2 protein chains.
Amino acid sequence: MAYSPPQRDEQAMRSFVENMARLLADWGFPRMAGRVVFTLMAADEQALTAAELAERLGVSPAGISGAIRYLVHLNMVAREPVPGSRRDRYRMVDDSWYEVTVAKMSLLKTISDAADQGVAAAGGENTPAGAKLAGMRDFYAWVQDNMPALLAQWAAHKSRLHHPPPA
Amino acid sequence: MAYSPPQRDEQAMRSFVENMARLLADWGFPRMAGRVVFTLMAADEQALTAAELAERLGVSPAGISGAIRYLVHLNMVAREPVPGSRRDRYRMVDDSWYEVTVAKMSLLKTISDAADQGVAAAGGENTPAGAKLAGMRDFYAWVQDNMPALLAQWAAHKSRLHHPPPA
DNA sequence: CACTCATTTCACAAGTTTGTGAAAGTACGA
DNA sequence: TCGTACTTTCACAAACTTGTGAAATGAGTG
């Protein structure tokens, strides 16, 4: 049996990109933005031009343009002007997964705040409706408050992997 | 200045329900299901019939039916047959917010697994693309692994409020 | 100064989601 | 067994999303 080195499987990559785009769509991402993100993630190059993205995905440059605008706005993708060329190149922002996740978590705060307005509308926590809504509010407020500590642990965990403590 | 007791504000409640339904829609809930959930949460009664839901929301009974089916399937709402009547009543399942949030978090595992497939398609962690995808996979796997502990803390926190330890 | 080519903008077509009205289904009460 | 009242199912209409082609924009280059 011959040794077979790890090798890039373009076809698997295509369906991977498509799968991920669908998952991200559940998180509220526009479909095309998801595709662009994972084409960048899946590229061995560190940055790609809009034309390269369009070609690899087999979609029109128009779609890429809109997706890029969205992603740059979210600070997930950085635009890198190439000196001496009209092509810009685009690359994933470092730690953007971390950031996006944190941002998504902040939705919990929004929910908690909205629930609090419901408590007020219900006439306070002593009404049956108010009590139910207050329970919901407290849960999400608590999760939101404790999430930063969890993510800080991740940062610690990661740096421990890179800089193991002396035995 | 006269004392004014807390009082239910129906108009504020209506916009609260609509707001929340929109927020839940971002989490992938069908719009109508969100409305039903918050109409139940906002009710001083513990359970409502389909007809009551339709009337309070000013929507057709048909819409309620579909939403209820969805919510019962998700185990967020329980169907309570009323003896001696053909009306069923529907109530929120206790702790369903907690459960729904846990379920949503399991999406992180899905993402992590998908990322791992991307690593394979890229030809392993030693390729540039594979390394990027592996970083993403590890982050979501870690968050997923540590989430249960966080939510367990909530359970502890809540029971502490209800049964304060002796001084 | 005009030419070239990557990118962006715009209007539209195709596909999907969402809520309704009408009709069928179901179980109680007389 | 029939009538009544609630609920569910179904097919469709309206609204929204998404991606495309074609034209406009803008930055280098001869």
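Here is the naming used below: chain letters follow the sequence lines, and residue numbers restart at 1 for every chain. Every value quoted in this text rests on a predicted model; they were computed, and no experiment measured them.
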The side chain of [X] lies closest to which of these nucleotides: [options]?
{"X": "B/A50", "options": "C/dT8, D/dT9, D/dT7", "value": "D/dT7"}
{"X": "B/V59", "options": "C/dT8, C/dT20, D/dT9", "value": "C/dT20"}
{"X": "B/S65", "options": "D/dG19, D/dT8, C/dT8", "value": "D/dT8"}
{"X": "B/S60", "options": "D/dT7, C/dT7, C/dG21", "value": "C/dG21"}
{"X": "B/R69", "options": "D/dT7, D/dT9, D/dT20", "value": "D/dT9"}
{"X": "A/R31", "options": "C/dT20, D/dT18, C/dT9", "value": "D/dT18"}

Rounded distance in Å - [atom1] ([X]) to [atom2] ([N]):
{"X": "B/L48", "N": "D/dC6", "atom1": "CG", "atom2": "C1'", "result": "15 Å"}
{"X": "B/D26", "N": "D/dT17", "atom1": "CG", "atom2": "P", "result": "11 Å"}
{"X": "A/R79", "N": "D/dA27", "atom1": "CZ", "atom2": "P", "result": "12 Å"}
{"X": "B/L53", "N": "D/dT8", "atom1": "CG", "atom2": "C1'", "result": "15 Å"}
{"X": "A/E80", "N": "C/dA6", "atom1": "CD", "atom2": "P", "result": "19 Å"}
{"X": "B/I64", "N": "C/dT18", "atom1": "CD1", "atom2": "C1'", "result": "13 Å"}
{"X": "B/D88", "N": "C/dA27", "atom1": "CG", "atom2": "P", "result": "10 Å"}
{"X": "B/H73", "N": "D/dT8", "atom1": "NE2", "atom2": "P", "result": "16 Å"}

Thinking salt bridges, do [X] and [Y] make one under a 4.0 Å N-O criterion?
{"X": "A/E125", "Y": "A/R137", "answer": "yes"}
{"X": "A/E52", "Y": "A/R91", "answer": "no"}
{"X": "B/D44", "Y": "A/K132", "answer": "no"}

Would you mind reading off the bend of the helix from C/dC1-D/dG30 to C/dA30-D/dT1 from its two end axes, five pairs each, to 10 degrees? 10°
Walk me through whether B/K109 and B/D113 qualify under salt bridge (charged side-chain N to carboxylate O under 4.0 Å, His left out). CA-CA 6 Å; B/K109 173 90 165 69; B/D113 290 348; 3.0 Å; yes
How do A/R87 and A/G66 order along DNA chain C: which one's closest nucleotide is nearer the 5' end? A/R87
Mind checking whether A/W27 and B/Y140 have ring centres under 6.0 Å apart? no
Is the ring pair A/W154/B/W142 parallel, tilted or perpendicular, if the boundaries are 30 and 60 degrees? tilted
ILVMFWY cluster, B/L24 and A/L107 together (side-chain gap under 4.5 Å): yes
For B/A62, which contact category applies under a 4.0 Å heavy-atom criterion: base, sugar-phosphate, or nothing? base
